[in-house]
Enquirer: 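Okay, here's the structure, questions in a sec.
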Amino acid sequence: MGRLCERCAQLLQDFGNFVRSTASRVAERIKELAAELRECCCLTSRKTKVKQLYEPVLPQHEREAAEEFLKHLEIGPKEWPPSKETLDALMTVAFSESTELQHSAALYYLHISQNMTTQLPPKLLEPYLPLLQSSDLEVQQMSSLSLVNFLLQGNVNKEQVVHVGLLEPILEMLESGDSAIQCNSCACIMTLAISEYNCETIGLTGGFMPLLTLAKSYDPRVQQNAVGAILNLTRSERIKSIMCHEGALPVLTLLLQSADAEIQYYSCASLGNIAANSEYHKAMLAIGDKFLLRMLVSLMSSTVQKVSSQACLCLNNLASNAEVRGHLLNIDFMPLFPALLNSSNKDVRQASVTLLCTLSHPPRNLDAFVCKDMLQHLAILMQMERANHVVIIHTSCIMENICRAGAVEVLVRSQCFEELLLSLLDPMNDEESIGFVVECLAELTKHEFTLKYLYERKGESPIKCLVRMAMNLENKDLSFKSATVIRNLSHSGNVLLNPLIVSSLHAS
């Protein structure tokens with residue numbers, strides 16, 4: 001390698017001198033800054049806190065309480081209910097600043113909640129207050145879980161839980177960052193809200209909004225319990241009003257799309273409770289241009305039977321509105337009914353025939369109902385459920401509405417009419433059910449075709465039954481309805497029926 005010229009050698013020497021002087025100044029500046037930082041009060045206090053790595057000494061009364069509590073644990077179930085000394089010790093342990101002592105109290109509650117078969121003494125609810133408000137997440141998890149266990153098993157009075165002041169910490173835990181605590185607190189609210197008093201209290205103390213937020217949780221357990229709690233709150237008219245005002249309807253409607261069947265069921269049932277009040281129908285239908293109706297119709301075909309049943313019941317409440325009935329019949333969902341009416345599940349059968357009955361009310365073209373296929377499925381349902389008053393009442397109403405629509409001949413020729421007469425004679429049916437059957441017959445016997453059919457049938461039993469009910473004045477409403485049918489038969493001009501009526505009167 002060649003030698004550098006004098007100019008380049010001088011440049012390199014100057015560069016080296018510059019670097020050395022600059023590095024020296026930087027090092028000095030770093031030392032100065034470090035010294036200033038060490039003198040700052042904020043760092044001094046942190047340093048002091050880090051050095052405090054010791055546990056505070058337990059006060060004497062807490063140590064004594066812990067010893068008393070340990071004695072109770074050693075005795076076990078022999079001492080039940082706990083003595084006053086044990087309760088006082090438990091209170092002291094629960095209110096202690098020591099998380100270890102609180103931990104032992106929470107474990108105690110969790111243990112007895114899993115083994116208790118009797119009522120929890122009201123005094124044992126009081127230590128829950130500090131445990132639910134503990135700064136230790138594990139203490140909150142265990143204490144909230146044990147409270148859920150007590151509530152679900154009926155070991156505590158639900159209203160007593162609220163009276164001792166536990167509602168406030170439970171509501172605060174809804175906003176915890178821990179999903180287990182959120183899940184347990186939602187379960188507590190869901191169970192407490194079964195009580196009418198608690199339901200109103202929870203709603204009026206702001207418990208609804210955190211639940212609505214948790215209904216959108218990504219944790220399915222939290223979401224299930226939150227929507228379940230909302231369902232129980234919808235049993236209160238006042239709380240329903242608050243819910244609708246605070247934006248619950250869109251959230252519940254979207255939850256119908258959930259992949260979780262429990263969430264579908266809870267949200268569907270909640271919407272059904274809200275729909276029981278027609279005041280909310282307009283707001284419910286305004287969501288996504290009747291998106292709710294389409295979702296409910298879709299859920300009617302759910303393979304989860306309780307979801308299918310709830311979808312029918314929710315639609316039934318909405319269909320009390322004539323405009324809604326029109327929208328539903330335009331969706332063309334009548335082909336869904338045969339499978340629902342013949343379902344293996346009783347609740348599905350009852351819910352579907354109830355919805356069908358509501359849809360059959362005028363004003364509406366009932367051609368879809370008069371088809372032989374639909375009447376055939378209704379007849380099969382009546383055969384399956386001869387003594388089911390829900391089925392008897394609603395099928396009688398459907399037939400009465402079909403009759404008023406002018407389809408008397410199709411109806412009387414169907415097996416449904418025979419099943420109606422058999423329902424009249426069945427001693428298993430109660431007077432309320434029979435009243436609807438007789439009311440349907442009163443409408444049918446206004447028509448000559450029905451009278452002619454009854455004569456050609458040559459059956460005296462229905463007429464004898466009607467005469468007997470007409471003469472029984474203990475049930476005046478049923479007596480009047482039966483007399484109306486007999487009047488229709490006797491004033492029809494059909495002389496062939498009159499001898500049957502006269503002989504029945506003589507027999508009675």
Side-chain angles (χ1 to χ4, degrees), residues 58-174 176 181 184-202 205 207:
L58 283 177
Q60 181 64 27
H61 74 284
E62 289 189 3
R63 287 168 53 187
E64 292 173 357
E67 290 172 5
E68 178 66 33
F69 187 50
L70 278 172
K71 288 180 186 176
H72 171 70
L73 294 180
E74 288 171 2
I75 296 171
K78 294 178 183 177
E79 186 195 34
W80 192 263
S83 65
K84 181 181 183 303
E85 292 75 15
T86 301
L87 286 173
D88 290 342
L90 181 57
M91 284 288 286
T92 303
V93 168
F95 275 95
S96 172
E97 292 182 5
S98 167
T99 55
E100 283 76 8
L101 287 182
Q102 285 195 323
H103 197 276
S104 63
L107 269 174
Y108 169 72
Y109 276 112
L110 186 58
H111 172 71
I112 63 172
S113 75
Q114 294 167 343
N115 299 279
M116 179 166 286
T117 56
T118 59
Q119 285 291 105
L120 188 76
K123 278 285 183 183
L124 271 175
L125 283 174
E126 294 176 14
Y128 263 109
L129 188 60
L131 296 178
L132 294 175
Q133 294 176 321
S134 173
S135 58
D136 187 273
L137 289 180
E138 196 170 353
V139 171
Q140 283 192 324
Q141 289 171 356
M142 289 191 293
S143 55
S144 59
L145 178 57
S146 63
L147 184 56
V148 171
N149 291 341
F150 285 134
L151 287 167
L152 290 176
Q153 294 162 12
N155 297 132
V156 294
N157 181 290
K158 296 177 179 63
E159 294 184 4
Q160 184 69 31
V161 172
V162 175
H163 284 313
V164 297
L166 298 186
L167 180 59
E168 184 178 349
I170 292 171
L171 293 177
E172 287 174 356
M173 288 193 300
L174 291 174
S176 168
I181 294 173
N184 293 341
S185 54
C186 284
C188 283
I189 297 295
M190 177 168 62
T191 315
L192 289 171
I194 294 173
S195 157
E196 184 178 347
Y197 169 80
N198 288 349
C199 182
E200 294 277 325
T201 306
I202 292 165
T205 52

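A quick note: this is a predicted structure, and the numbers were derived from the prediction, not measured. Heavy-atom basis, side chains included; hydrogens, waters and symmetry copies ignored.
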Enquirer: Is the centre of the His103 ring less than 6.0 Å from the centre of the Tyr108 ring?
Expert: no
Enquirer: When you measure from the side chain of Ser96 to the backbone N and O of Thr92, does any donor-acceptor pair fall under 3.5 Å?
Expert: no
Enquirer: What distance do His111 atom NE2 and Met142 atom CE have between them, rounded to the nearest 0.5 Å?
Expert: 13.5 Å
Enquirer: Between the side chain of Tyr109 and the main-chain N/O of Leu124, is any donor-acceptor distance below 3.5 Å?
Expert: yes
Enquirer: Find out whether Leu174 and Cys186 are in side-chain contact, i.e. whether some heavy atom of one side chain is under 4.5 Å from a heavy atom of the other.
Expert: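 Yes, close enough: below the 4.5 Å cut-off.
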Enquirer: Can you name the closest pair of heavy atoms from Ser143 and Ala106 and give their distance?
Expert: N-CB, 4.3 Å
Enquirer: Mind telling me whether Tyr128 and Phe150 have parallel, tilted or perpendicular rings, with 30° and 60° as the class edges?
Expert: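 Phe150 and Tyr128: perpendicular rings.
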Enquirer: Closer than 3.5 angstrom, by distance alone: can the side chain of Asp136 be matched with the main-chain N or O of Gln102 as a donor-acceptor pair?
Expert: no
Enquirer: Donor-acceptor pair, distance only, cut-off 3.5 Å: does the side chain of Ser113 make one with the backbone of Leu110?
Expert: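 A pair under 3.5 Å: yes.
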Enquirer: Are Ile112 and Leu120 close enough, and set up right, to give a side-chain contact (heavy atoms from CB on, under 4.5 Å), and what steps lead you there?
Expert: CA-CA 9 Å; Ile112 63 172; Leu120 188 76; 4.1 Å; yes
Enquirer: Passes side-chain contact (heavy atoms from CB on, under 4.5 Å), Ile170 versus Leu132? Steps please.
Expert: CA-CA 7 Å; Ile170 292 171; Leu132 294 175; 4.2 Å; yes
Enquirer: Mind listing the closest non-hydrogen atom pair of Gln141 and Ile181 along with its distance?
Expert: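 For Gln141 and Ile181, the tightest heavy-atom pair comes out as CG-CG1, 3.6 Å.
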Enquirer: Counting C-beta onward and ignoring hydrogens, is there a side-chain heavy-atom pair between Thr205 and Leu167 closer than 4.5 Å?
Expert: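 Yes - at least one pair of side-chain heavy atoms lies under 4.5 Å apart.
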Enquirer: Indicate yes or no for a side-chain donor-acceptor contact from Ser195 to the backbone of Leu192 under 3.5 Å, with no hydrogens or angles considered.
Expert: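 It does not hold such a pair.
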Enquirer: Just verifying a value: how many Å separate Ser144 OG and Asn149 CG, rounded to the nearest 0.5 Å?
Expert: 9.5 Å
Enquirer: Indicate the atoms forming the closest heavy-atom contact of Gly207 with Leu171, along with that distance.
Expert: CA-CD2, 3.7 Å
Enquirer: Would you check if Thr118 and Asn155 make a side-chain contact, meaning some heavy-atom pair closer than 4.5 Å?
Expert: no
Enquirer: Please evaluate residues Val164 and Leu129 with respect to the criterion side-chain contact (heavy atoms from CB on, under 4.5 Å), reporting the C-alpha separation (whole Å), side-chain torsions for both, the decisive distance (0.1 Å), and the verdict.
Expert: CA-CA 9 Å; Val164 297; Leu129 188 60; over 6 Å; no
Enquirer: Does Glu196 have more than 12 heavy atoms from other residues, nucleotides or ligands lying within 6.0 Å of its CD?
Expert: no
Enquirer: I'd like to know whether Lys158 forms a side-chain contact (heavy atoms from CB on, under 4.5 Å) with Leu151, so could you lay out the CA-CA distance, the side-chain angles of the two residues, the decisive distance to 0.1 Å, and finally the verdict.
Expert: CA-CA 7 Å; Lys158 296 177 179 63; Leu151 287 167; 4.1 Å; yes
Enquirer: Roughly how far, to the nearest 0.5 Å, is CD1 of Ile194 from SG of Cys199?
Expert: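 Those atoms lie 10.5 Å apart.
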Enquirer: Would you give the length of the straight line joining atom CE of Met173 to atom CD of Gln133, rounded to the nearest 0.5 angstrom?
Expert: 9.0 Å
